[in-house]
Amino acid sequence: MSTPNNIALRAGELRDLLNKHNHLYYVADQPEVTDSEYDRLFKELTQIEADYPTLLTADSPTQRVGGKALDKFSQITHVLPMLSLDNVFDREELEAFDQRVRDWLNTADIQRYAAEPKLDGLAISLRYENGILIHAATRGDGEVGEDVTTNVRTISSVPLKLQGEGIPEVIEIRGEIFMPKVGFEALNVQQIAEDKKPFVNPRNAAAGSLRQLDSKITANRPLAMICYGLGEIRGMAKPETHLQAMQIIAKWGCQISPELQLVEGVEACLAYIQQIGERRQRLPYDIDGVVFKVDRFELQQRLGFVSRAPRWAIAHKFPAQQEMTVIEDIEIQVGRTGALTPVARLKPVFVGGVTVSNATLHNQDEIERKDVRVGDTVIVRRAGDVIPEVVQVVLSKRPENTHAFVMPTQCPVCQSDVERVEGNAVARCSGGLYCPAQRKEAIKHFASRKAMDVDGLGDKLVEQLVDEGLINDPADLFQLTIEPLSNLERMGEKSAINLVAALQMAKQTKFARFLYSLGIRETGEATTRSLASHFLTLDALQQADEASLIEIEDVGPIVAHHIVTFFQQSHNQEVIERLLDAGIHWPEERKIAADSALSGKTIVLTGTLEQMSRSEAKEKLLALGTKVSGSVSKKTDFVVAGRDAGSKLTKAEKLGVSVVDEATLIEWLK
Ligand code: D41
């Protein structure tokens, strides 16, 4: 049956009207119709869509009520990674950030920043194609997030369709989903009335609401979104500044921060922090700091990012919050590398929005310095998402008969000797992988999200698997079968099947992730990524010596030593072999820009560059596949000589090495 034209037209008209009123009500805060008028239009559209299902579209406001419940969220790979933000906590660190920006750009000019409060919620990316919201994804690990589209569609301040002029073919709009304070209070009143557990803070409530598989539940939660950035853009010229970009998306109907403002120079940044700090309690949402972004996109582009955090943005967090409580016990945790960490068990206390019952005491030196004892009343501090720590003991409240704490000389888990290297604060269990605690931590790390990302294999389950003797190392995971798994406590056949399937899925990975998952000491995400893109294959890396490892970005002698030692150990070799035999694989790594004309050339930068800093030039040259060296030799292909170049230029001329000027360098980089 074909749909009458006039009805299709009316449906379109109703959608546009309802979307407009929705925006006026939730984003602009200037309603033009009464609630009952809105409801009447809404009912009319619902009826049309029920009668003519082909007229139902993705941007229909009727889709805001939630849809069918999901089994699980599927994954979405971000076309452009969602970056993270570095933090600073005081004036000095903020000045250092501003200085780094200016050094990199090689300018003395006062920098202009876009400033806004840092909302305490969840980062989300919205993808609009021809103005229609196609999907919404969580940040996840920055590369891959979860598809929460049906849930996000229920959020009133998220436009289902962008309105107005110049809407591009594709645009990704990024922002924070949060729960306003008022909504949070109301939700908790309701939770308590329904005999359900209240949420600890608005952030948890927002996260819990967004991760509902049943979007009908999300639809009833008071969530909102404020946009702060862009991802992929197609079919539109990128605006020149962040502020312009935000003004454009605001015109299309997106909510942007009402506090968004330009500030010039560090003093103005500090004044902004002060101003927002004073109004913090009265803002309708929780914030945990202020974000500053270099306003000009061209400069953002030049600044680039280091291991997922842009050089052009910074979060200034508000000072940590502190509370007083009592230490009930001090326990020792054994980490992945055997490090023993004393942890204070606290009388639970509410600090900075969450209840804290543990705080790290770091190590023996720290305990001695602060003289922390069981029974002491202490001040606990929690800054942002950092692990809570004990700041100081309130000596006037110390009870009688307390004892100074001493670190054990035997590992509390495996009884191996505890070793402490001269000059190193960390005490370590010498048991290595004999120690069940270290084994457990190694496997947890292996399965964790940034590593092999085994869905459903959480910390508790790893502990259970090791305790039950089902696994001893990461490679054992891939030998697990459904039968023994389903017999575990709190595990059914369905979860067992899911786990085996998730392990199967995890076998397809990336080289850098695989390296990260091995848990080589002191090698984090950034280092393993550099290792992967430098060595390209596992064989090449395993054969590398310390001298060649030190050549790599952010690898120093200590890390190089850890890497070599790791691959020398026969136990590690054996586990790696079994992992590969189990079918772990990754796509071949490719050298970046292997085909550029400069690829493989050795270049030396000398003298002062006018248009950029040497660090910026170096990074860009490296990206073209060149080697950038610090000294001139016969092997040097080019010397780039800036102003006042000295001995390196003389040497180049003596050796007959080609010398180019900054203008040529800029040509190359284009
Ligand atoms: O309000 C926020 N939480 C906020 C987060 C913000 N106002 N701006 C942000 N800007 C960025 C960049 C600079 C990467 C576009 C952010 C975040 N990122 C962010 N949130 C979570 C991870 C990163």
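In each ligand, atom 1 is the first atom listed, and ligand 1 is the first ligand listed. Values below: all heavy atoms of this structure, side chains included; hydrogens, waters and symmetry mates excluded.
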Legend entry - Non-hydrogen atom of Pro117 closer than 4.0 Å to ligand 1: yes
Inset, instruction - Could you tell me if any non-hydrogen atom of Ala313 lies under 4.0 Å from any atom of ligand 1? - result: yes
Legend entry - Check: Leu119 N/O within less than 3.5 Å of ligand 1 N/O: yes
Inset, instruction - Run down the list Tyr285, Tyr228, Phe178 and name the one with the heavy atom closest to atom 11 (C) of ligand 1. - result: Tyr228
Any side-chain heavy-atom pair from [X] and [Y] closer than 4.5 angstrom?
X: Asp459; Y: Val462; result: no
X: His78; Y: Glu172; result: no
X: Asn19; Y: Pro159; result: no
X: Lys620; Y: Arg302; result: yes

Which ligand 1 atoms are under 4.0 Å away from a heavy-atom of [X]?
X: Arg139; result: 22 (C)
X: Ala123; result: 20 (N), 21 (C)
X: Trp312; result: 13 (C)
X: Glu116; result: 6 (C), 7 (N), 8 (N)
X: Lys293; result: 8 (N), 9 (C), 10 (N), 13 (C)

Inset, instruction - Evaluate the criterion salt bridge (charged side-chain N to carboxylate O under 4.0 Å, His left out) for residue pair Arg513 and Asp141; output intermediate values, then yes/no. - result: CA-CA 12 Å; Arg513 269 182 182 268; Asp141 64 2; 2.2 Å; yes
Using a 4.0 Å heavy-atom threshold (strictly under), name the region of [X] that reaches ligand 1: side chain, backbone, both or neither.
X: Arg174; result: neither
X: Leu83; result: both
X: Met82; result: neither
X: Lys118; result: both

Legend entry - Single hit among Arg211, Arg139, Lys72 for salt bridge (charged side-chain N to carboxylate O under 4.0 Å, His left out) with Glu146: Arg211
Legend entry - Residue that, paired with Leu457, satisfies side-chain contact (heavy atoms from CB on, under 4.5 Å) out of Asp453, Leu461, Asp455: Leu461
Inset, instruction - Output the distance between atom CZ (Arg91) and atom CG (Asp98), rounded to the nearest 0.5 Å. - result: 11.5 Å
Legend entry - Residue that, paired with Tyr228, satisfies side-chain hydrogen bond (donor to acceptor under 3.5 Å, both in side chains) out of His242, Arg174, Glu176, Lys293: Glu176
